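In what follows, a structure is listed as structure tokens, so that the remarks can point back to it.
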Amino acid sequence: MAAQAVTGEFDHAAASYDRMVGANPGYHRHLRMSARRLGLAGGGAGLRVLDLGCGTGASTAALLRALPRAEIIGVDASAGMLAEARSKRWPPAARFVHARVQDLTPELLGGPADALLAAYLLRNCPDLDAALAAMRSLLRPGGRLALHEYSVADSAAAGVVWSLVSWGVIIPLGRVRTGRADLYRYLWRSVLDFDGAAALRRRMRAAGLENVRTVPLPGWQRGITHTFLGRVPERAADGEGAR
């Protein structure tokens with residue numbers, strides 16, 4: 001499915017999206033775990049943290065729970081998903097931007113970020129390497145990155161479980177809730193086609209990130225959904241400015 005079509009499907013599903021993810025055991029708890037795994041101290045006081053692919057705001061809420069004193073900027077390419085996010089009550093430190101990750105610059109966000117969380121985003125980007133490079137460019141030297149993402153290619157068992165859950169629960173429920181199942185069939189196929197964990201870690205290192213590692217998530221999603229962590233080196237490369 002082309003990127004523009006994927007965005008359109010997210011627009012269509014926006015009104016029912018919170019109910020869909022709410023039916024997934026552990027969904028919100030896992031997002032909070034990935035937010036905490038950024039390892040930021042002091043409740044995020046004085047820090048700017050990006051929530052890339054924020055959708056209807058579930059990952060934004062997770063970041064605010066972990067980092068109540070940080071400035072949180074939610075970004076999404078889907079106007080429909082952002083409208084749902086903006087309709088909720090947020091503290092003054094949270095705001096939202098309608099943009100694709102590859103179109104963002106530190107200047108548009110008020111400066112480089114100290115950390116970012118990208119939940120279920122990278123897999124939907126047409127060029128994974130360009131998206132990772134764009135994410136890295138938004139972070140200051142020493143900035144931290146967490147990808148909260150599906151990855152089953154390294155485990156045949158995980159792929160089987162994912163297909164069973166997709167066709168037994170997610171796709172039928174998506175059809176009932178939205179009137180069509182295109183987005184959820186795409187979700188199933190895109191996860192099967194996505195990088196394995198080892199391949200994704202190699203991409204992250206190639207994008208210039210260090211301390212790259214994978215941390216599992218518990219429950220039925222163990223081996224299916226993971227937190228991928230990395231950081232920008234403290235010393236900026238030639239041509240990059242520090243904050």
Side-chain angles (χ1 to χ4, degrees), residues 31-54 59-60 62-77 91-149 151 195 197-215 226-243:
L31 286 173
R32 292 193 294 269
M33 291 176 69
S34 287
R36 289 194 300 270
R37 286 168 176 174
L38 284 167
L40 302 175
L47 302 181
R48 176 179 296 117
V49 181
L50 305 182
D51 178 18
L52 300 183
C54 66
S59 47
T60 314
L63 283 168
L64 284 167
R65 180 83 167 266
L67 303 166
R69 302 176 66 191
E71 175 192 5
I72 308 293
I73 305 174
V75 181
D76 206 280
R95 60 187 174 95
F96 296 92
V97 175
H98 181 210
R100 301 180 305 165
V101 62
Q102 57 265 44
D103 296 331
L104 291 173
T105 64
E107 291 73 24
L108 287 174
L109 299 169
D114 299 281
L116 70 80
L117 171 67
Y120 306 116
L121 170 67
L122 184 63
R123 176 178 39 81
N124 296 317
C125 295
D127 186 330
L128 304 185
D129 297 318
L132 283 169
M135 291 179 196
R136 185 192 184 283
S137 74
L138 298 172
L139 292 167
R140 66 167 178 81
R144 303 178 187 187
L145 173 148
L147 304 176
H148 181 97
E149 189 56 87
S151 177
D195 280 354
L200 181 50
R201 289 193 299 270
R202 287 194 293 271
R203 283 189 195 272
M204 293 171 70
R205 294 187 186 100
L209 297 168
E210 63 181 18
N211 293 350
V212 173
R213 61 200 187 280
T214 308
V215 187
H226 319 260
T227 312
F228 296 88
L229 299 167
R231 68 193 295 271
V232 177
E234 287 286 353
R235 174 174 293 212
D238 291 343
E240 292 183 330
R243 184 175 180 180

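Just so you know, these numbers use all the heavy atoms, side chains as well, and skip hydrogens, waters and symmetry mates. For this chain, numbers begin at 1 and follow the sequence in order. Model, not experiment: these values are computed from the prediction.
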Backbone N or O of Leu38 within a donor-acceptor pair of the Arg144 side chain at under 3.5 Å?
yes
Arg205, CZ atom: more than 12 neighbouring heavy atoms under 6.0 Å:
yes
Ignoring hydrogens and angles, tell me if any N or O in the side chain of Ser34 forms a donor-acceptor pair with the backbone of Thr227 under 3.5 Å.
no
Counting only N and O atoms by type, is there a donor-acceptor contact under 3.5 Å from the side chain of His226 to the main-chain atoms of Ser151?
yes
Do the side chain of His98 and the main chain of Ala77 share a donor and acceptor less than 3.5 angstrom apart?
yes
What is the minimum heavy-atom distance between Leu108 and Asp103, and which atoms define it?
CD1-O, 3.6 Å
Would a distance-only check, ignoring hydrogens and angles, find a side-chain to backbone donor-acceptor pair under 3.5 Å from Arg48 to Pro112?
yes
Would you please name every residue forming a side chain to side chain donor-acceptor pair (under 3.5 Å) with Asn211, sequence neighbours left out?
none
Show your working on salt bridge (charged side-chain N to carboxylate O under 4.0 Å, His left out) between Asp114 and Arg140 and close with a plain yes or no.
CA-CA 6 Å; Asp114 299 281; Arg140 66 167 178 81; 2.6 Å; yes
Shortest non-hydrogen pair, Ser59 vs Leu31, comes out as N-CD1, 3.9 Å
Main-chain N/O of Leu132 paired with Arg203 side-chain donor or acceptor, under 3.5 Å:
no
How far apart are the closest heavy atoms of Ala134 and Ser137, and which atoms are they?
O-OG, 2.7 Å
Any salt bridge (charged side-chain N to carboxylate O under 4.0 Å, His left out) pairs touching residues 115-125, not counting sequence neighbours?
Arg123-Glu149
